[in-house]
Number of protein chains: 2
Amino acid sequence: MSFQSKEPADRMALFERRCRERGLAMTVQRRVVLEVVLARGDHPTAEQIYEDVKLRIPDISRTTVYRVLDTLVDIGVIGKPSHFGAATRYEPNVHRHHHLICIECGRVSDVEDDETVADIEPLMRKQAGDFAVLDYSIHFHGVCSACAAQARRGDI
Amino acid sequence: MSFQSKEPADRMALFERRCRERGLAMTVQRRVVLEVVLARGDHPTAEQIYEDVKLRIPDISRTTVYRVLDTLVDIGVIGKPSHFGAATRYEPNVHRHHHLICIECGRVSDVEDDETVADIEPLMRKQAGDFAVLDYSIHFHGVCSACAAQARRGDI
DNA sequence: GTGGGTGCAAAAGGTTTGCATAGTG
DNA sequence: CACTATGCAAACCTTTTGCACCCAC
C-alpha cells in the first residue's frame, strides 16, 4: 500500500511522472484542474471545479473538465469517493448494514452488521471529535465470486 | 435500534401502520412500488423499479415512482444506500480514508484511516466469504459541529 | 366532498458523445 | 508533423416541478 503525499508539489511531480509513463500530454488544462482539486480541502463536484478553473482559464469548456477529471482519477493523482453510480438506488434493508461492491460488474450486495457493531462502536466514538456520529456504513470494494470465476476462465 | 423484519408481509404491515399514523393514503401505486422493491433482492435504481411496476400498473408514470420511492424512504419502509448526492465528487486524497457526512448541511470531510485499519482488517477477511475484499471505505453519518452549534442556538 | 396523490409535459441538473480544431511531444 | 487533447453543440440520462384531474379517506 503506497502512501501518496498530499503536498501539492509532490502530487504535481507524481502527475508529471504518470503522464510521461503513459504518454499523456501535460496540458495547461490538466495541470490547472489538478491544482484546483489539490487547493480545495473539500470534495468538490465537477461544476465547482469548473468554476475555479475558469478563473484561471476563462475559455475552458465544461467537457474538458469532465474529461480531465476522469483522466486524473485513472492515473491515480486524485480520488473519487465511492459511489454506486449515477442513479439513486433503493433497497429493502432498513437497518444498519454494509455493502459489497464488485469493481468488475458493479453489483452491490448486503452484509449484515451483527456483531461487527461491537468492533466499530469505539471507532465511532473516536472518530467523532466535534462531529456527532449517528450511524455509519461500510463500502467493501472487491471482486465478486462470479467475476473471479470468469477471470479464472481467462475471460479477464 | 429497532430491527425491522425483512419479510414482505411484515413490511407491508409496517407500511400500513406508518401510513395510518401519518395520514398518508394507501394507494395501489405505493403498495406495488413497495412490493416490487421487497421482491428484488438487489439494489434497484428508480428506472428498474419503474420497469417492474409497469408490468402490474402499465399506466403508472415515472414521476409517481420517484415520488413514491421518496415517500417510502421517508416513512422508513425501504432504504436508500448512503450517497453523496447527485453529482460525482472528487478529492485530493488517494489513499485509504473515510468520510464524515453531515446529514444537515451535506458537507463531507475526511477521516484518516491510520491505526483504524487494524480494527477492520479481520472484518475484511471475515466479510469476504466468496467475495474478495480489496479495500473499504466507511461513511460516518452525523451532525457536524457547525450544524450542531446552529441547532443549539435554536435555529434548528 | 375534500385534500392529498397521480399523470403529463416541460424543465432542470449532470454527464457523455461526435466532430472539427488546436496544441503537445 | 502526427497524434492527442480540447471546445462546441447536441444528445442523453436522471430527477424535479407546475398544474389539472382523480381517488382514498
Side-chain angles (χ1 to χ4, degrees), chain A residues 12 15-37 43-54 56-75 77-78 80-81 83-90 106 108, chain B residues 12 15-37 43-54 56-75 77-78 80-81 83-90 106 108:
Chain A
M12 199 51 78
F15 161 68
E16 295 179 358
R17 180 148 41 84
R18 296 268 163 93
C19 283
R20 255 179 242 113
E21 281 167 13
R22 310 179 188 220
L24 296 176
M26 288 184 315
T27 62
V28 184
Q29 288 87 340
R30 285 180 177 159
R31 226 181 269 279
V32 173
V33 168
L34 174 54
E35 283 169 8
V36 160
V37 175
H43 300 71
T45 63
E47 182 65 24
Q48 293 173 316
I49 295 163
Y50 170 65
E51 291 302 332
D52 283 7
V53 172
K54 232 178 14 177
R56 294 177 51 190
I57 312 178
D59 294 332
I60 198 168
S61 107
R62 229 181 227 93
T63 311
T64 299
V65 173
Y66 278 100
R67 276 189 292 224
V68 167
L69 287 169
D70 252 13
T71 306
L72 297 180
V73 171
D74 272 357
I75 67 177
V77 297
I78 65 173
K80 177 158 83 166
H83 214 260
F84 295 115
T88 306
R89 288 165 182 276
Y90 297 87
V108 178
Chain B
M12 198 52 78
F15 161 69
E16 295 179 358
R17 181 148 42 85
R18 294 270 163 93
C19 282
R20 255 177 242 111
E21 281 167 14
R22 310 181 188 218
L24 296 176
M26 288 185 312
T27 62
V28 184
Q29 289 89 338
R30 284 179 178 162
R31 227 180 270 277
V32 173
V33 168
L34 174 54
E35 282 169 9
V36 160
V37 175
H43 300 69
T45 62
E47 184 65 24
Q48 293 173 316
I49 295 163
Y50 170 64
E51 290 303 332
D52 284 7
V53 170
K54 234 180 12 180
R56 294 176 51 190
I57 312 177
D59 293 332
I60 197 168
S61 107
R62 228 180 229 94
T63 310
T64 298
V65 172
Y66 278 99
R67 275 188 294 223
V68 167
L69 287 170
D70 251 13
T71 306
L72 297 180
V73 170
D74 272 357
I75 66 176
V77 297
I78 65 174
K80 177 159 82 165
H83 215 259
F84 295 115
T88 306
R89 288 167 180 275
Y90 297 87
V108 179

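The chains referred to below are lettered A, B, ... by the order of the sequence lines, with proteins before strands, and numbering in each begins at 1.
If you find the closest nucleotide of DNA chain C to B/Ala87 and to B/Ala25, the one lying nearer the 5' end belongs to B/Ala25. Both B/Ala46 and B/Leu24 lie close to DNA chain D; mapped to their nearest nucleotides by heavy-atom distance, the more 5′-ward contact belongs to B/Ala46. Two residues, A/Glu47 and A/Val28, neighbour DNA chain C, and the one matched to the more 5' nucleotide by heavy-atom proximity is A/Glu47.
Contact annotation for A/Thr45: no contact, since no heavy-atom pair falls under 4.0 Å across all strands. Nucleic acid contact for A/Ala86: none, since no nucleic acid atom lies under 4.0 Å from a heavy atom of the residue.
The CZ-C1' distance, from A/Arg22 to C/dG25, rounds to 18 Å in whole Å. Separating the CD1 atom of A/Ile49 from the C1' atom of C/dG14 is a distance of 13 Å, rounded to the nearest angstrom. We find that CZ of A/Arg31 is positioned 13 Å from C1' of C/dG25, with the value rounded to whole Å. The nearest whole Å value for the distance from the NZ atom in A/Lys80 to the C1' atom in C/dT15 is 11 Å. When the P atom of C/dC8 is taken as reference, atom CG of B/Asp59 falls 7 Å away, rounded to whole Å. We find that OH of A/Tyr50 is positioned 8 Å from P of D/dC8, with the value rounded to whole Å. The NZ-C1' distance, from B/Lys54 to C/dG7, rounds to 14 Å in whole Å. Rounded to whole angstrom, the span from the CD atom of B/Gln48 across to the P atom of D/dC13 amounts to 14 Å.
Between A/Val32 and A/Val68, the closest side-chain pair of non-hydrogen atoms is not below 4.5 Å. Counting heavy atoms from C-beta on, the side chains of B/His43 and B/Gln48 never come closer than 4.5 Å. Two residues are said to be in side-chain contact when any heavy atoms from C-beta on lie closer than 4.5 Å; A/Arg89 and B/Lys80 fail this criterion.
One distance of note links OH of B/Tyr50 with CD1 of B/Ile60; it measures 8.5 Å at 0.5 Å rounding. How far CG of A/Asp70 is from OH of B/Tyr90: 5.5 Å, rounded to the nearest 0.5 Å. Taking CG from B/Asp59 and OG1 from B/Thr64, the interatomic distance works out to 11.0 Å, rounded to the nearest 0.5 Å. Separating the CG atom in A/Leu72 from the CZ atom in A/Arg18 is a distance of 11.5 Å, to the nearest 0.5 Å.
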Discussion item. Apply side chain to side chain contact (heavy atoms under 4.5 Å, CB included) to residues A/Leu69 and A/Val37 and explain how you reach the verdict.
Written reply: CA-CA 9 Å; A/Leu69 287 169; A/Val37 175; 4.1 Å; yes
Fill in: Chi angles and distances behind the side chain to side chain contact (heavy atoms under 4.5 Å, CB included) call for B/Leu24, B/Arg30
CA-CA 10 Å; B/Leu24 296 176; B/Arg30 284 179 178 162; 3.7 Å; yes
Worksheet item: Are A/Val77 and A/Leu34 close enough, and set up right, to give a side chain to side chain contact (heavy atoms under 4.5 Å, CB included), and what steps lead you there?
Response: CA-CA 8 Å; A/Val77 297; A/Leu34 174 54; 4.3 Å; yes
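The side chain of B/Thr88 places an N or O atom within less than 4.0 Å of a non-bridging phosphate oxygen (OP1 or OP2) of C/dT15. Distances shown here put a side-chain N or O of A/Gln29 below 4.0 Å from the OP1 or OP2 atom of D/dG7.
Relative to the axis of its first five pairs, the axis of the last five pairs of the helix from C/dG1-D/dC25 to C/dG25-D/dC1 sits at 40°, rounded to 10 degrees.
Using a 4.0 Å cutoff on non-hydrogen atoms, the parts of residues 60-74 of chain A near DNA chain C are A/Thr63, A/Tyr66, A/Arg67, ordered by number.
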